[in-house]
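Contents: one structure, followed by commentary.
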Amino acid sequence: MKLINASTATILCCLSINASAKQLWSDMSATLMKGTQYEVGDTDKTVFTLEHASGHSWGSIFTFVDRLSHNNDNQHELYGELGANITLKELNNSVFKDVYLATQWEFNSDNLAQFDNYLVGVGANLSIPKFNFANITYYRRNNELGENNNQLTFVWSLPVSKSVVYDGFIDLVDSTNTVASGYNFTSQIKYDVGQHIGIEKNKFYAGVEYVYWKNKFGIDGVTEKNPNIMVKWHF
């Protein structure tokens with residue numbers, strides 16, 4: 001309960017001061033994906049994602065909502081995350097740009113499971129040459145439907161060329177008495193197709209997302225290997 005209260009209080013505090021704090025940058029995007037090798041539930045799904053990220057004088061916000069449509073059984077899922085990172089200390093050295101307090105709320109609603117998970121931890125923005133950004137975060141997870149555990153997350157964005165971007169994340173979680181340890185390695189390779197059809201550069205991409213999720217949802221032996229075709233529009 002203390003972890004839930006701390007995470008919720010931190011996120012609400014960040015959102016409340018957001019209006020008065022200085023915004024340094026922001027990005028909104030919409031993504032449409034189609035894959036046919038999902039594990040757990042329907043194997044064939046279409047996913048629509050709304051995403052927001054912004055940097056502020058106090059830290060950063062990242063949030064997204066996925067609406068997953070099952071193409072075989074006409075069911076729907078809704079999953080989202082809201083994260084707020086509060087800068088603790090700026091370092092700007094050869095390894096770290098800064099360290100931060102990390103909070104996150106995960107929510108899900110479908111016919112199989114509804115839950116609210118709350119995460120609190122610490123992380124660092126890394127100074128890696130040629131990367132747009134890279135950060136690593138340790139979380140302690142408060143899981144509504146199971147025992148609490150730990151998560152280590154690495155997120156990155158790397159421009160391969162002026163028109164191609166490779167980005168993604170790795171979530172590693174440890175085991176409990178009821179779930180297996182595992183990891184979710186999800187990455188996207190995207191090409192800026194908008195520049196060829198009269199759209200501002202770095203706004204409209206097409207590409208492929210590939211998911212390798214070992215022991216998905218903590219289910220021992222269930223490993224997802226799932227390519228998705230995708231388009232993404234930044235606005």
Side-chain angles (χ1 to χ4, degrees), residues 1-29 49-65 79-107 116-144 147-160 165-176 181-188 202 234:
M1 183 62 68
K2 290 182 178 179
L3 182 61
I4 293 176
N5 291 339
S7 179
T8 304
T10 304
I11 290 173
L12 291 176
C13 178
C14 291
L15 294 177
S16 66
I17 65 176
N18 186 40
S20 59
K22 181 180 179 181
Q23 180 172 284
L24 306 177
W25 57 270
S26 68
D27 179 66
M28 286 284 295
S29 65
T49 302
L50 284 176
E51 192 173 83
H52 167 82
S54 55
H56 306 265
S57 54
W58 52 266
S60 63
I61 290 174
F62 176 73
T63 183
F64 72 87
V65 176
Y79 175 80
E81 296 180 5
L82 170 59
N85 297 334
I86 301 175
T87 302
L88 299 176
K89 186 175 180 60
E90 294 185 359
L91 300 174
N92 292 318
N93 58 40
S94 60
V95 180
F96 302 109
K97 296 179 180 179
D98 58 42
V99 293
Y100 52 80
L101 170 68
T103 65
Q104 187 166 290
W105 168 39
E106 301 175 347
F107 56 90
D116 294 283
N117 297 333
Y118 298 90
L119 293 70
V120 176
V122 292
N125 286 302
L126 306 177
S127 297
I128 303 180
K130 299 183 179 180
F131 279 66
N132 290 328
F133 64 81
N135 59 64
I136 188 166
T137 308
Y138 161 78
Y139 294 102
R140 180 61 179 171
R141 300 180 53 90
N142 187 295
N143 302 307
E144 183 177 4
E147 298 177 61
N148 299 344
N149 60 346
N150 303 291
Q151 176 175 313
L152 186 66
T153 297
F154 176 64
V155 182
W156 78 91
S157 175
L158 174 64
V160 178
V165 177
Y166 178 59
D167 54 24
F169 68 89
I170 305 173
D171 287 339
L172 299 97
V173 294
D174 60 0
S175 62
T176 70
S181 62
Y183 61 89
N184 179 355
F185 178 22
T186 296
S187 61
Q188 299 176 349
N202 301 323
H234 295 266

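The figures here come from the full heavy-atom set of this structure, side chains too, leaving out hydrogens, waters and symmetry mates. Each residue takes its place number in the sequence, starting with 1.
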- prompt: Sequence neighbours excluded, which residues qualify as side chain to side chain contact (heavy atoms under 4.5 Å, CB included) partners of Ser175?
  reply: Ser181

- prompt: Yes or no on side chain to side chain contact (heavy atoms under 4.5 Å, CB included) for Asn143 and Asn149, after CA distance, side-chain angles and deciding distance?
  reply: CA-CA 8 Å; Asn143 302 307; Asn149 60 346; 2.9 Å; yes

task: Would you mind reporting whether Phe62 and Val155 have side-chain heavy atoms less than 4.5 Å apart?
output: no

- prompt: Taking the side chain as C-beta and beyond, is there a heavy-atom pair between Phe133 and Asp167 under 4.5 Å?
  reply: no

Nearest heavy atoms of Gly59 and Thr87, plus distance in Å: CA-OG1, 3.6 Å

- request: Describe, in one word, how the ring planes of Trp105 and Phe107 are oriented to each other, choosing from parallel (under 30°), tilted (30 to 60°) and perpendicular (over 60°).
  value: tilted

field: Spatial distance of atom CD (Glu51) from atom CE (Met28) [nearest 0.5 Å]
entry: 9.0 Å

statement: Residues at least two apart in sequence or cross-chain that pass ring-ring contact (aromatic ring centres under 6.0 Å, His included) with Phe96, listed by chain then number, are none

- prompt: Backbone N or O of Glu81 within a donor-acceptor pair of the Thr63 side chain at under 3.5 Å?
  reply: yes

- prompt: Taking side chain as C-beta onward, heavy atoms only, is Leu172 less than 4.5 Å from Phe154?
  reply: no

- request: Show your reasoning for whether side chain to side chain contact (heavy atoms under 4.5 Å, CB included) applies to Leu101 and Val120.
  value: CA-CA 8 Å; Leu101 170 68; Val120 176; 4.3 Å; yes

- request: Check Ser26 against His52 and note the closest heavy-atom contact, atom names and distance.
  value: CB-CE1, 4.3 Å

His234 side chain to Asp27 side chain, donor-acceptor N/O pair below 3.5 angstrom: yes

Side-chain H-bond candidate by donor/acceptor type, Asn150 with Arg140, under 3.5 Å: yes

- prompt: Do any N or O atoms from the side chain of Glu144 and from the backbone of Asp116 form a donor-acceptor pair under 3.5 angstrom?
  reply: yes

message: Out of the candidates Val122, Thr153, Thr103, only one should pair with Tyr139 under the side chain to side chain contact (heavy atoms under 4.5 Å, CB included) rule; please name it.
response: Thr153

query: For Tyr138 and Leu152, what are the C-alpha separation, side-chain angles and deciding distance, and is it a side chain to side chain contact (heavy atoms under 4.5 Å, CB included)?
result: CA-CA 5 Å; Tyr138 161 78; Leu152 186 66; 4.3 Å; yes

task: Identify the two heavy atoms, one from His56 and one from Leu24, that lie closest to each other, and give their separation to 0.1 Å.
output: O-CD1, 3.7 Å

query: Going from OG on Ser157 to CG on Asn135, what distance comes out if it is rounded to the nearest 0.5 angstrom?
result: 11.0 Å

field: Side-chain H-bond candidate by donor/acceptor type, Asp98 with Asn125, under 3.5 Å
entry: yes

- prompt: How long is the gap from OH on Tyr100 to CD1 on Ile86, to the nearest 0.5 Å?
  reply: 12.5 Å

- request: To the nearest 0.5 angstrom, please state how far the CD atom of Glu106 sits from the CG atom of Asn142.
  value: 11.0 Å

message: Please report the interatomic distance CH2(Trp156) to CG(Leu158), rounded to the nearest 0.5 Å.
response: 9.5 Å

message: Distance check, rounded to the nearest 0.5 Å: Ser29 atom OG versus Leu50 atom CG?
response: 8.0 Å

field: Ser187 (side chain) donor-acceptor with Tyr166 (main chain) under 3.5 angstrom
entry: no

